[in-house]
Number of protein chains: 2
Amino acid sequence: MKEGRQRAILRILGRNKVRNQEELLEYLRNEGIVATQATVSRDLAQMNIVKLRDENSGSSFFSVPSNFLHVIPDANKSVSGIVSVEISGQICVIKTSPGYANMVGAVIDSKCSGHSMGTIAGDDTLLVMLRQNIVLEDFINNLEQTIPGISSKYI
Amino acid sequence: MKEGRQRAILRILGRNKVRNQEELLEYLRNEGIVATQATVSRDLAQMNIVKLRDENSGSSFFSVPSNFLHVIPDANKSVSGIVSVEISGQICVIKTSPGYANMVGAVIDSKCSGHSMGTIAGDDTLLVMLRQNIVLEDFINNLEQTIPGISSKYI
DNA sequence: TATATGCTTTTATATTTATGCATTATATGC
DNA sequence: GCATATAATGCATAAATATAAAAGCATATA
């Protein structure tokens with residue numbers, strides 16, 4: 001019960017700007033999950049979710065801390081030299097085995113140009129600068145298809 | 001009036017974990033600044049200050065966004081090769097003496113991994129990519145302890 | 001001087017979020 | 001299965017935050 005609801009909350013907050021807990025309840029109801037405000041209040045506290053402010057509108061909305069959104073390399077089929085993938089704001093950082101960052105960067109430059117403004121590679125760290133209005137999930141899907149051996153999941 | 005109060009708020013929030021607006025009003029009163037809850041509510045909105053959750057206690061407290069914070073090298077005791085530190089959004093740029101950026105990057109990789117997703121170094125410029133939803137004050141404290149010779153100040 | 005204009009602030013109140021307590025569900029040991 | 005412990009939930013309400021409306025105050029303007 002709780003676990004499924006919290007997973008749903010992550011999904012919902014990842015896709016929508018939710019401005020208060022009543023609104024979140026509605027989204028949940030649309031998925032067939034019924035709960036009360038008190039319950040989601042506790043969920044949010046437990047998940048460390050916070051309310052941030054929209055720079056422009058000034059209105060506030062819930063935000064999932066990054067440690068709940070991980071893109072992890074799939075150990076079974078990892079042939080790409082990728083160690084980890086992490087996203088924060090418009091920045092995606094990909095850690096690779098030593099010497100691999102440039103190669104991965106080249107791949108992303110050619111295959112993810114719709115999502116990426118560009119990349120800069122060190123030796124084992126690749127910086128991908130994401131475009132402003134992309135849908136993060138699309139980029140992740142793109143990554144998954146482009147670079148065999150990584151998969152994303154929530155939590 | 002307003003400007004001085006907001007400056008005080010930055011100072012107070014940088015040094016203390018303030019848990020609600022009434023508490024903030026008390027801190028202000030201790031500095032001889034009298035205002036009402038409604039006023040600081042607007043101040044916080046205007047300054048984009050948000051409430052985060054303490055990882056351990058679960059209780060929440062106000063946090064100042066990056067564009068109000070500056071970290072500067074302390075000229076008196078600067079022995080680390082660091083020239084300047086500046087933060088914008090999720091990006092921290094550290095300028096160093098020529099050739100030092102890599103070294104500083106390695107230090108940060110090992111000592112600040114909780115706050116940093118990764119670093120990329122040029123010759124005299126180091127880019128530190130910060131995780132989402134970190135408490136910036138914590139990162140800066142960490143930096144100060146990790147790299148002797150820098151100190152931070154508010155605005 | 002009187003009037004208008006654009007903030008800032010307060011007061012009063014609405015909205016939003018958190019929480020104590022009782023209840024129900026779920027797990028654990030016998 | 002039954003008893004008991006533990007956790008999850010809802011209800012009612014308290015606490016915290018935001019906001020509408022009015023008042024204050026400085027500056028500009030006729």
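Every chain is numbered from 1 and lettered A, B, ... according to where its sequence line falls, protein lines coming before strand lines.
C/dT17 atom P lies 13 Å from atom CD1 of A/Ile9, rounded to whole Å. C/dT17 atom C1' lies 18 Å from atom CZ of A/Phe61, rounded to whole Å. Going from atom CG of B/Asn20 over to atom P of C/dA18 covers 12 Å, rounded to whole Å. Rounding to whole angstrom units, CG of residue A/Leu25 and C1' of D/dG10 are separated by 12 Å. A/Met1 places its CE atom 17 Å from the P atom of C/dT24, with the value rounded to the nearest Å. Atom CZ of B/Phe62 is separated from atom C1' of D/dA18 by 12 Å (rounded to the nearest Å). In this structure, CG of B/Leu52 is placed 18 Å from P of D/dA16, rounded to the nearest angstrom. To the nearest angstrom, P of C/dT16 lies 12 Å from CD of A/Glu26.
At the phosphate of C/dA18, OP1 or OP2 sits under 4.0 Å from a side-chain N or O atom of A/Gln21. At the phosphate of D/dA18, OP1 or OP2 sits under 4.0 Å from a side-chain N or O atom of A/Arg53. Phosphate proximity of D/dA8 to A/Thr39: absent, as no side-chain N or O sits under 4.0 Å from OP1 or OP2. Using a 4.0 Å cut-off, some side-chain N or O of B/Arg5 falls inside it from OP1 or OP2 of C/dT9.
Using a 4.0 Å heavy-atom cutoff across all strands shown, B/Ala45 reaches no nucleic acid atom at all.
Summarising the local packing, NZ of B/Lys17 is surrounded by more than 12 heavy atoms from other residues, nucleotides or ligands at distances under 6.0 Å.
Considering only side-chain atoms of A/Ser41, the nucleotide from D/dA8, D/dA18, C/dA18 that sits closest is C/dA18. Side-chain proximity of B/Arg42 to C/dG20, D/dA8, C/dT10: nearest is C/dT10. Distance from the side chain of A/Lys51 is smallest to C/dT17 among C/dA12, C/dT17, C/dT9.
With sequence neighbours excluded, the residues that form a side-chain contact (heavy atoms from CB on, under 4.5 Å) with A/Met1 are A/Arg5.
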Cut-off 3.5 Å, no hydrogens considered: what does the side-chain donor-acceptor table look like for residues 19-29 of chain A, sequence neighbours left out?
| residue | atom | partner | partner atom | Å |
| --- | --- | --- | --- | --- |
| A/Asn20 | OD1 | A/Glu22 | N | 3.2 |
| A/Asn20 | OD1 | A/Glu23 | N | 2.9 |
| A/Gln21 | OE1 | A/Gln37 | NE2 | 2.8 |

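Listed here is the closest heavy atom pair of B/Arg53 and B/Phe61: C-CE2, 3.8 Å. When all heavy atoms of A/Leu130 and A/Met117 are compared, the closest pair comes out as O-CE, 3.8 Å.
Partner assigned to C/dC30 is D/dG1, using Watson-Crick or G-U wobble distances below 3.5 angstrom. Pair assignment for D/dA30: C/dT1, on the basis of Watson-Crick or G-U wobble contacts that are both within less than 3.5 Å.
Counting distance only, with no hydrogens placed and no angle test, the side-chain atoms of B/Gln37 and the base atoms of D/dA16 include no donor-acceptor pair under 3.5 Å.
When the nearest nucleotides of DNA chain C are assigned to B/Ala38 and B/Ser60 by heavy-atom distance, the more 5′-ward of the two goes with B/Ala38.
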